Amino acid sequence: MANIQAIRGMHDILPDQTPLWQYAEKTIRDVLGNYGYSEIRLPVVEKTELFKRSIGEVTDIVEKEMYTFDDRNGDSLTLRPEGTAGCLRACLEHGLLHNQVHRLWYYGAMYRHERPQKGRYRQFFQIGVETYGMASADIDAELLFLTDRLWKRLGIRDKVRLQLNSLGTIAERLIYRDALVNYFEQHLDALDEDSLRRLKSNPLRILDTKNPAMIDVVKHAPELMDYLGDDSRQHFQTILDSLMDSGVSYEINTRLVRGLDYYSKTVFEWVTDELGSQGTICAGGRYDGLIEQLGGKANSAIGFAMGMERLLLLLETLDLKIENSVDVYLIRVGENAEKVGLRLAEQLRTDIPTLKLQVDCAGGSIKSQFKKADKSGAKFALILGEEEVAHGEIGIKSLRDAQFEQQTLVMSDVVNFLHINICA
């Protein structure tokens, strides 16, 4: 009988990979904490209607990519393809938006049934950041400062670029949309199949095409910036001034768009040239219109999402040495040593709460236990045999420093030794 394999596009994250994930996750949490953001934890399954209303029924995500099923009650449910809709649903359901300001973040698996490739999977992990109740351009700028600081903490700031654009208001964008459709209708022979399909339903997405054959026709299309009113222009300029004042470099990309009508004003992406076609590692924007679309009162909202898999691919280019090693490995040889060793290990964990101590529970010769101790990455091995038990002593050997001479200590001195050599 063949072994059962993981579902295509849904990968295991193995023990030798998790230290880098934990490092990135902790760094992200620390930076979000620096800015006063609070975590919200959301269900992985939502009513399908939520995504139809937020993302739109004629989008690729809803039409082709969602994992949707009927439960036993006949309700249509969907594994979340993104986090913004669920976060907003939770805030509306629990009354968090009425006359309140919130800075929230969430983390978890998202699901889209699309062709798996490097950096794009069917189960992927995403950090999402959402803010509510702030119309000022200052919160737009803060999100950009936050992500800039995160890249610096992770050591990848020189590998990413910030691209910005403004989509203006919905009214301004409708006028622009008409101009864009008129332009592309005069160049139908230059459009690919996707663009012809989007011409009536989502013409702004044509500007974001990755088809090299369409570069020229897109290059000469009308620019949205020419259709913005004074308020939208001033909002965007305030952000640019804030970035300049803080020394955060950026590029204005007039072809950077979002295909959904509820987006307005600021949109941004952090992109890299290190990952080939999967070059966007963080994308965000202002979505003031979505709250009303989901049944709430008009309010302000802006946020971003960051794919962890792509971020990890970028971190791997740094060749970081992050290991999930222990501090001390306890070797036990003999029946009495095995019993005493377990009690000793628990006492050491009590006396030194930060100590990472692993006990050899598989047995074997002292030679084989030393091999496992070395593989664990521990700095020291504690050696407990029948003779040490009889004299109330324990051996200590350095696994990393050849100059350190193996020594024997009485049990009562072990805590002090570890405090000085491990926890100092």
Side-chain angles (χ1 to χ4, degrees), residues 1-25 28 41-52 54-71 76-87 105-129 156 160 192-194 197-198 202 205 208-211 258-260 269-284 303-317:
M1 184 179 295
N3 291 339
I4 298 173
Q5 303 290 313
I7 298 170
R8 184 168 182 248
M10 300 187 183
H11 298 289
D12 302 302
I13 302 172
L14 301 178
D16 64 332
Q17 300 168 314
T18 53
L20 188 60
W21 280 77
Q22 292 167 351
Y23 164 72
E25 290 161 353
I28 292 168
R41 301 195 177 188
L42 306 165
V44 74
V45 178
E46 297 275 6
K47 292 182 179 178
T48 303
E49 181 188 2
L50 174 67
F51 302 113
K52 287 184 175 181
S54 61
I55 300 172
E57 294 194 50
V58 296
T59 60
D60 285 348
I61 295 175
V62 170
E63 288 182 334
K64 303 176 183 179
E65 298 173 4
M66 293 201 314
Y67 283 89
T68 297
F69 59 95
D70 290 339
D71 72 358
S76 180
L77 305 179
T78 295
L79 292 173
R80 59 188 182 193
E82 56 87 38
T84 298
C87 185
W105 69 271
Y106 50 84
Y107 178 55
M110 310 291 167
Y111 299 86
R112 295 188 188 182
H113 191 282
E114 51 187 351
R115 184 172 63 86
Q117 53 187 296
K118 190 174 184 179
R120 184 189 291 271
Y121 306 110
R122 291 177 175 174
Q123 175 181 281
F124 57 98
F125 288 83
Q126 196 172 78
I127 291 276
V129 173
I156 57 173
V160 296
D192 59 19
E193 185 178 342
D194 275 345
R197 180 171 52 85
R198 288 169 170 165
N202 229 337
R205 289 296 309 277
D208 200 28
T209 181
K210 302 298 188 292
N211 185 347
R258 296 286 183 270
L260 304 176
E269 291 185 1
W270 288 92
V271 300
T272 181
D273 298 322
E274 305 278 339
L275 304 179
S277 62
Q278 305 303 319
T280 300
I281 63 168
C282 176
F304 67 78
M306 181 193 320
M308 287 297 294
E309 285 81 0
R310 293 187 195 177
L311 178 60
L312 268 291
L313 287 172
L314 195 53
L315 286 176
E316 286 174 2
T317 66

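FYI, side chains are in, hydrogens and waters are out, and symmetry mates aren't considered; it's all heavy atoms of this structure. These numbers were taken from a predicted model, which means no experiment stands behind them.
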Asker: Is the closest side-chain heavy-atom distance between Val44 and Met110 below 4.5 Å?
Answerer: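 No, their side chains stay 4.5 Å or more apart.
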Asker: Side chains of Leu313 and Glu274: closer than 4.5 Å at any heavy-atom pair?
Answerer: no
Asker: For Ser76, does its backbone N or O pair with a side-chain atom of Thr48 as donor and acceptor, under 3.5 Å?
Answerer: yes
Asker: Indicate the atoms forming the closest heavy-atom contact of Asp208 with Lys210, along with that distance.
Answerer: O-NZ, 3.1 Å
Asker: Apply side chain to side chain donor-acceptor pair (under 3.5 Å) to residues Glu269 and Thr280 and explain how you reach the verdict.
Answerer: CA-CA 7 Å; Glu269 291 185 1; Thr280 300; 3.2 Å; yes
Asker: In sequence, state the C-alpha distance, the side-chain angles, and the governing distance for Met66 and Phe51, and then conclude on side-chain contact (heavy atoms from CB on, under 4.5 Å).
Answerer: CA-CA 9 Å; Met66 293 201 314; Phe51 302 113; 3.7 Å; yes
Asker: Quick check on Ile7: does its CD1 atom have over 12 non-hydrogen neighbours (other residues, nucleotides or ligands) under 6.0 Å away?
Answerer: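 Counting other residues, nucleotides and ligands, CD1 of Ile7 stays at 12 neighbours or fewer.
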Asker: Any idea which heavy atoms bring Tyr121 and Lys118 closest together, and the distance?
Answerer: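 In terms of heavy atoms, the two residues are closest at OH-CA, 4.0 Å.
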Asker: Apply side-chain contact (heavy atoms from CB on, under 4.5 Å) to Asp71 and Val45, showing your working.
Answerer: CA-CA 11 Å; Asp71 72 358; Val45 178; over 6 Å; no
Asker: Indicate yes or no: does Arg122 engage Glu114 in a salt bridge with an N to O separation below 4.0 Å.
Answerer: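 Salt bridge: no.
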Asker: Looking only at heavy atoms, which two atoms of Tyr106 and Cys87 are closest? And how far apart?
Answerer: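 Where Tyr106 meets Cys87 most closely, the heavy atoms are CE2-CB, 3.8 Å.
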Asker: Run the numbers on Thr209 and Asp192 for side-chain contact (heavy atoms from CB on, under 4.5 Å), then give the verdict.
Answerer: CA-CA 10 Å; Thr209 181; Asp192 59 19; 4.1 Å; yes
Asker: Below 4.5 Å, heavy atoms only, C-beta onward: do Trp21 and Leu312 meet side chain to side chain?
Answerer: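 The answer is yes, as the side chains (C-beta and beyond) meet within the 4.5 Å cut-off.
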Asker: Would you say Gln22 has more than 12 foreign heavy atoms packed within less than 6.0 Å of its CD?
Answerer: yes
Asker: Could you tell me if the side chain of Arg310 sits less than 4.5 Å from the side chain of Phe124, heavy atoms only?
Answerer: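 No, too far: nothing below the 4.5 Å cut-off.
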Asker: Not counting sequence neighbours, which residues clear side-chain hydrogen bond (donor to acceptor under 3.5 Å, both in side chains) with Tyr107? List them please.
Answerer: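 side-chain hydrogen bond (donor to acceptor under 3.5 Å, both in side chains) check on Tyr107 returns Glu25.
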Asker: Quick one: closest heavy-atom pair of Cys282 and Phe304, and the distance?
Answerer: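 Reported closest heavy-atom pair: SG-CD1, 3.5 Å.
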Asker: Would you say the side chain of Ile156 lies within less than 4.5 Å of the side chain of Leu315, judging by non-hydrogen atoms?
Answerer: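 Yes - at least one pair of side-chain heavy atoms lies under 4.5 Å apart.
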Asker: Are Leu314 and Ile281 close enough that some pair of their side-chain heavy atoms sits under 4.5 Å apart?
Answerer: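 Of all side-chain heavy-atom pairs linking Ile281 with Leu314, at least one is under 4.5 Å.
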Asker: Just how far is it from atom CD1 of Ile55 to atom CD of Glu65, taken to the nearest 0.5 Å?
Answerer: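 So the CD1 of Ile55 and the CD of Glu65 are separated by 9.0 Å.
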Asker: Does Tyr67 reach the main-chain N or O of Arg80 with its side chain, forming a donor-acceptor pair under 3.5 Å?
Answerer: no
Asker: About how many Å separate CD1 of Ile28 and OH of Tyr23, when rounded to the nearest 0.5 Å?
Answerer: 10.5 Å
Asker: Which heavy-atom pair separates Glu82 from Ser54 by the least distance, and what is that distance?
Answerer: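 Closest heavy-atom pair between Glu82 and Ser54: OE2-OG, 4.5 Å.
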Asker: Among residues two or more places apart or on two chains, list those pairs meeting side-chain hydrogen bond (donor to acceptor under 3.5 Å, both in side chains) that have a residue in residues 4-18.
Answerer: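 Matches after skipping sequence neighbours: none remain.
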Asker: With the side chain counted from C-beta on, respond yes when Lys47 and Thr78 share a heavy-atom pair under 4.5 Å apart, and no when they do not.
Answerer: no
Asker: So do Pro81 and Tyr111 actually touch side chain to side chain, heavy atoms under 4.5 Å?
Answerer: no
Asker: Measure the spacing between CD of Glu46 and CG of Leu77 and express it to the nearest 0.5 Å.
Answerer: 9.5 Å
Asker: Using side-chain hydrogen bond (donor to acceptor under 3.5 Å, both in side chains) as the criterion, list what pairs up with Glu309, not counting sequence neighbours.
Answerer: none
